[in-house]
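Report on the following structure.
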Amino acid sequence: MLKYQETLQAVKEYILGHDDFLVISHLSPDGDAVGSSLAMANLLKNLNKRYTVVNEGSCPRKFSYLHLFDEIIDLSQQSIQRSFKHIISVDVADMSRFGNAHHLFAENAYIVNIDHHPTNTLFGQLNLIRSDAASTTEILFDLIDQHFSHALDTHVAESLYTGLLTDTGGFRYANTNQAVLEKAAKLLSYDLKPAKIAERALETMTASFLELLKLSLNTLSFAFDGKVAILSISLADLEKAGANREDVDGLVAYPRNIEGVEVGILLKEWSADEVKVSLRSKELVDVSGIAQKNGGGGHVRAAGFTYHGDLNQAKKHI
Ligand code: 5GP
Ligand code: MN
């Protein structure tokens with residue numbers, strides 16, 4: 001396998017040597033998914049390349065301050081009647097995380113897989129993976145800083161910074177380190193407004209989110225001597241709160257942050273027989289292992305999987 005620096009070089013050459021790219025990220029996109037997609041889209045635009053940015057499902061509106069946000073096509077709302085040969089996948093650990101987007105890949109498609117999940121399945125023809133990177137945008141920073149610095153402008157910088165900010169929980173999680181802060185500082189030199197970005201990406205809550213929080217707190221329960229805390233959200237709760245799936249993002253921090261708790265769990269009932277499980281740990285438990293055993297994946301401190309059954313069964317299973 002190519003070393004990191006050589007792979008950065010190979011990705012650079014691939015981008016320069018081709019045109020008409022499909023940029024895609026994962027289901028339930030977070031700040032790193034949206035930031036990575038738009039950093040790549042803005043880079044391609046600055047390089048005068050043609051590109052199409054898609055996602056299976058809508059991207060949270062809170063990231064609408066990012067340039068080209070409105071160009072992201074939600075495949076669940078709008079179909080695309082063609083296929084692409086050149087795919088750039090960002091922040092996607094395995095191909096199931098594309099959702100139903102496979103039909104957009106041409107038969108001889110070449111996938112450039114750029115990601116930081118330790119559970120990445122290396123599904124690309126070219127795999128630019130660094131599992132110790134704080135975010136996928138940190139890897140994109142390396143690519144752009146080293147090879148495309150002439151195309152690095154405010155829009156690219158703001159997208160990269162957003163992924164760094166959100167995947168480190170506002171530069172607080174264990175993936176925050178000197179290199180991350182130095183890269184963030186370098187990005188700020190592109191005339192970014194960090195307080196404004198933090199307010200949009202981290203602080204602002206929808207009223208629906210608070211309604212959901214109210215409802216889910218009633219479900220709080222503990223296991224393993226108070227070391228595991230569990231919250232759940234039912235379909236009825238979602239409806240009652242007038243919330244959609246993206247409003248649920250962030251709820252899992254509440255059980256995790258309780259004093260004495262090592263693992264926080266959120267069970268989200270997506271349908272009568274489908275429960276999305278989010279796992280967060282503080283310092284001892286590798287939740288990516290638990291997620292992988294259940295057909296999912298993620299990081300040591302943040303992972304998830306889909307459980308097929310109802311909420312009660314999911315809770316018992318956990
Ligand atoms: P979340 O709990 O916020 O949905 O996800 C936490 C982390 O686990 C993210 O890095 C996400 O990509 C990963 N993750 C969540 N669900 C799945 C899944 O079903 N499969 C895989 N491979 N990763 C997941
Ligand atoms: Mn990420």
Side-chain angles (χ1 to χ4, degrees), residues 24-40 55-57 59-60 63 89-99 113-123 128-141 159-171 173-176 180 201-202 209 216 230-233 244-256 263-270 274-281 285-308 314 318:
I24 181 164
S25 192
H26 60 79
L27 293 169
S28 306
D30 55 12
D32 192 29
V34 181
S36 296
S37 297
L38 292 180
M40 185 50 74
N55 224 93
E56 175 88 29
C59 290
F63 300 117
S89 162
V90 287
D91 205 39
V92 179
D94 61 73
M95 293 188 88
S96 73
R97 303 282 289 152
F98 287 132
N113 169 15
I114 305 177
D115 186 35
H116 71 132
H117 291 89
T119 56
N120 191 286
T121 57
L122 308 181
F123 55 82
L128 177 61
I129 312 295
R130 189 154 74 75
S131 60
D132 61 347
S135 62
T136 296
T137 62
E138 188 186 352
I139 300 172
L140 290 175
F141 175 93
S159 302
L160 293 174
Y161 184 86
T162 294
L164 273 180
L165 181 75
T166 54
D167 259 22
T168 57
F171 305 118
Y173 298 158
N175 55 359
T176 308
V180 166
L202 298 176
F209 172 82
S216 70
I230 307 172
L231 283 187
S232 57
I233 283 290
N244 55 34
R245 291 182 182 194
E246 66 193 50
D247 291 311
V248 184
D249 210 37
L251 269 185
V252 68
Y254 287 85
R256 192 203 85 123
V263 178
I265 301 174
L266 178 68
L267 306 175
K268 301 167 271 191
E269 186 182 39
W270 280 168
E274 189 189 354
V275 178
K276 182 78 207 184
V277 181
S278 286
L279 305 161
R280 298 290 186 275
S281 74
V285 176
D286 175 1
V287 288
S288 75
I290 299 172
Q292 246 180 329
K293 277 193 185 135
N294 286 280
H299 307 278
V300 175
R301 303 277 161 257
F305 65 92
T306 298
Y307 177 82
H308 297 282
I318 284 286

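Order of listing sets the numbers, starting from 1, for every ligand and every atom in it. Note that this is a predicted model, so its numbers are computed, not measured. Numbers for residues simply follow the sequence, beginning at 1.
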Nearest protein heavy atom to [atom], by residue and atom, and its distance?
atom	value
atom 7 (C) of ligand 1	A302 O, 3.4 Å
atom 21 (C) of ligand 1	G297 N, 3.2 Å
atom 8 (O) of ligand 1	A303 CA, 3.2 Å
atom 16 (N) of ligand 1	K276 NZ, 2.7 Å
atom 3 (O) of ligand 1	R280 NH2, 2.8 Å

Counting each atom of ligand 1 from 1 as listed, which ones have a heavy atom of [X] under 4.0 Å away?
X	value
D94	21 (C), 22 (N)
F305	16 (N), 19 (O)
G298	8 (O), 13 (C), 23 (N)
S278	1 (P), 2 (O), 4 (O)

When you measure from the side chain of [X] to the backbone of [Y], do you find a donor-acceptor pair of N or O atoms at a distance under 3.5 Å?
X	Y	result
D32	T166	no
S278	G304	no
R301	V285	yes

- Item | Closest to atom 11 (C) of ligand 1 among H299, K268, R97 (heavy-atom distance) |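 Checking each option, the heavy atom nearest atom 11 (C) of ligand 1 is found in R97.
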Name of whichever N/O/S atom of [X] is nearest to the Mn ion (ligand 2):
X	value
H116	NE2
D167	OD2
D91	OD1
D32	OD2

- Query: Would you say H117 and ligand 1 have an N/O pair spaced under 3.5 Å apart?
  - Reply: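 By distance alone, the answer is yes.
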Side chains of [X] and [Y]: does their closest heavy-atom pair fall under 4.5 Å?
X	Y	value
H299	H117	yes
N294	V277	no
D115	F123	no
W270	V275	no

- Query: Atom CG in L267, atom CG in L251: separation rounded to 0.5 Å?
  - Reply: 11.5 Å
- So OG of S36 and CD1 of I114: to nearest 0.5 Å the spacing works out to 8.5 Å
- Message: Under the side-chain contact (heavy atoms from CB on, under 4.5 Å) test against N113, which residue among L128, V92, I129 passes?
- Response: I129
- Can you find a side-chain donor-acceptor pair between D167 and H116 that sits under 3.5 Å? yes
- With a 4.0 Å cut-off on heavy atoms, is S28 touching ligand 1? no
- Message: If we only consider heavy atoms of Q292, is any one of them less than 4.0 Å away from an atom in ligand 1?
- Response: no
